[in-house]
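What you see is a predicted model, and the numbers here were worked out from it, not measured in a lab. For the numbers below, each heavy atom of this structure counts, side chains included, while hydrogens, waters and symmetry mates do not. Residues take their numbers from the sequence shown, with the count starting at 1.
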Amino acid sequence: MVARGLGRFGRVADAPRAALGHGGIDAALGGGLLLGHVHEAVAAHAGDAGSAAGFAAMLARRLAAERKGMLLWLREDGAHRAGALYAPGLAAIGLDPARLVVGVLADAGAVLRAAVDVLRCPGVAAAVVELWGRAPALDLTASRRLTLAAEASGVTALVLRIAAMPAPSAAQTRWTVRAGPSAALEAGAPGLPRLDLTLARQRGGPSGLRWDVEWDRDAAAFRAPSPSGDLAALSAGGPLAAGDAAAGWGAGGRRAV
């Protein structure tokens, strides 16, 4: 889907967008997530880290349907202390682990430098840039570098912030992600991954909007939740649930290795 709009730096007149499947979200985004730009996903609380990572993986899966190429996930050395990306969990949300290249760099500065290089490669479908903590290296200048690289190549960047407060940036959108209660399936099986999403910021568009969504892996899209049955908590410290499993996180808020 292509929607018309002005590029952030006045260089893009026709901006391609990826519809996310949820009518309210797509309407707020002017037809879908703007491609070739930078988008941020921030965990609302420490216990929502798995859900935020899952949201980034879901968006990467959706973008992979729009653009050919590899998916890159860049993260800091030391982030493994909170757990590793879990291939079966990624597959459970429809993201093919064989299409994903994971890069582990020394620190946030190295991650950001590598991200700029990755975003300049037109053969990449999308890149997740995972940063933990305050990450002062991600200042306004660094985010503008990411944005310029993404706009030049058409590659979309998803900046994943864990254990961090939002800071000024040139990102097109910023999402706050919270865990949601997943409706159990028949025989008590975990239901579809469910998230509480807030579009906290959007350049040139509405913001402050909030939705309760489920992830449909077969359609690679978000949708309104199914009628509630028994609810399984997705927050850290509760039982393992669909949203955490999708991101590779187990009970207690740690991702399974």
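- Partners of Asp26 by salt bridge (Lys or Arg N to Asp or Glu O under 4.0 Å), not counting sequence neighbours: none found.
- Here the closest heavy-atom approach between residue Leu195 and residue Ser51 is recorded as CD2-CB, 3.6 Å.
- Counting all heavy atoms, side chain and backbone alike, Leu33 lies closest to Leu63 at CD2-CD2, 4.4 Å.
- The closest side-chain heavy-atom distance from Val129 to Val38 is not below 4.5 Å.
- Interatomic distance, Arg75 CZ to Leu85 CG, rounded to the nearest 0.5 Å: 5.0 Å.
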Take Ile25 and Leu199, measure what side-chain contact (heavy atoms from CB on, under 4.5 Å) needs, and give me the verdict at the end. CA-CA 9 Å; Ile25 294 177; Leu199 179 56; over 6 Å; no
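- In this structure, Pro181 and Arg194 have side chains that are in contact, with non-hydrogen atoms separated by less than 4.5 Å.
- Separation of atoms CG (Leu160) and CH2 (Trp73) is listed at 6.0 Å; rounding is to 0.5 Å.
- The shortest side-chain heavy-atom distance between Arg67 and Pro122 falls under the 4.5 Å cut-off.
- Counting only distance, with no hydrogens or angles, the side chain of Asp117 and the backbone of Ala114 share no donor-acceptor pair below 3.5 Å.
- Put simply, the side chain of Glu40 does not reach to within 4.5 Å of the side chain of Pro166, judged on heavy atoms.
- For Arg210, the side-chain hydrogen bond (donor to acceptor under 3.5 Å, both in side chains) criterion is met by Asp196, not counting sequence neighbours.
- Contact of the Ser169 side chain with the Arg201 side chain is registered, since non-hydrogen atoms from C-beta on lie closer than 4.5 Å.
- In this structure, the side-chain hydrogen bond (donor to acceptor under 3.5 Å, both in side chains) partners of Trp175, at least two apart in sequence or on a different chain, are Thr173.
- Residues satisfying the side chain to side chain contact (heavy atoms under 4.5 Å, CB included) criterion with Ala65, sequence neighbours excluded, are Arg61, Arg62.
- Note that OG of Ser207 is 10.5 Å distant from CZ of Arg174, once rounded to the nearest 0.5 Å.
- The closest side-chain heavy-atom distance from Thr198 to Leu209 is not below 4.5 Å.
- For Val116, the side chain to side chain contact (heavy atoms under 4.5 Å, CB included) criterion is met by Arg120, Arg145, Leu146, Ala149, not counting sequence neighbours.
- When all heavy atoms of Gly69 and Arg99 are compared, the closest pair comes out as O-NE, 2.8 Å.
- Looking only at distances, a side-chain donor or acceptor of His39 sits under 3.5 Å from a matching main-chain atom of Leu34.
- Between the CG atom of Leu158 and the CG atom of Leu72 there is a distance of 11.5 Å, given to the nearest 0.5 Å.
- Looking at every heavy atom in both residues, Ala125 comes nearest to Ala64 through CB-CA, 4.5 Å.
- Both Leu119 and Val101 belong to a common hydrophobic cluster when Ile, Leu, Val, Met, Phe, Trp and Tyr are linked at side-chain heavy-atom distances under 4.5 angstrom.
- The list of side-chain hydrogen bond (donor to acceptor under 3.5 Å, both in side chains) pairs with a residue in residues 152-165, not counting sequence neighbours, is empty.
- The structure places CD of Glu130 at 11.5 Å from CG of Leu105, a figure rounded to the nearest 0.5 Å.
- Between Phe55 and Val42 there is no side-chain heavy-atom pair separated by less than 4.5 Å.
- Nearest heavy atom pair, residue Trp132 against residue Ile162, reads CZ3-CG2, 3.2 Å.
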Before you tell me yes or no, could you show the steps for Leu20 and Leu59 under side-chain contact (heavy atoms from CB on, under 4.5 Å), namely the whole-Å CA-CA distance, both residues' side-chain angles and the distance that decides it to 0.1 Å? CA-CA 8 Å; Leu20 300 184; Leu59 289 180; 4.1 Å; yes
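- At least one donor-acceptor pair closer than 3.5 Å links the side chain of Gln172 to the backbone N or O of Arg203.
- Between Pro97 and Ala91, the shortest heavy-atom contact is CD-CB, 4.2 Å.
- Transitive grouping of hydrophobic side chains (ILVMFWY, heavy atoms separated by less than 4.5 Å) brings Val102 and Leu95 into a common cluster.
- Proximity of a side-chain donor or acceptor of Trp215 to a complementary backbone N or O of Ile93 within less than 3.5 Å is detected.
- Between Glu76 and Leu131 there is a side-chain heavy-atom pair separated by less than 4.5 Å.
- Going from atom CZ of Arg17 over to atom NE2 of His37 covers 8.0 Å, rounded to the nearest 0.5 Å.
- With hydrogens and angles ignored, the 3.5 Å screen pairs no side-chain donor or acceptor of Glu66 with any backbone N or O of Pro16.
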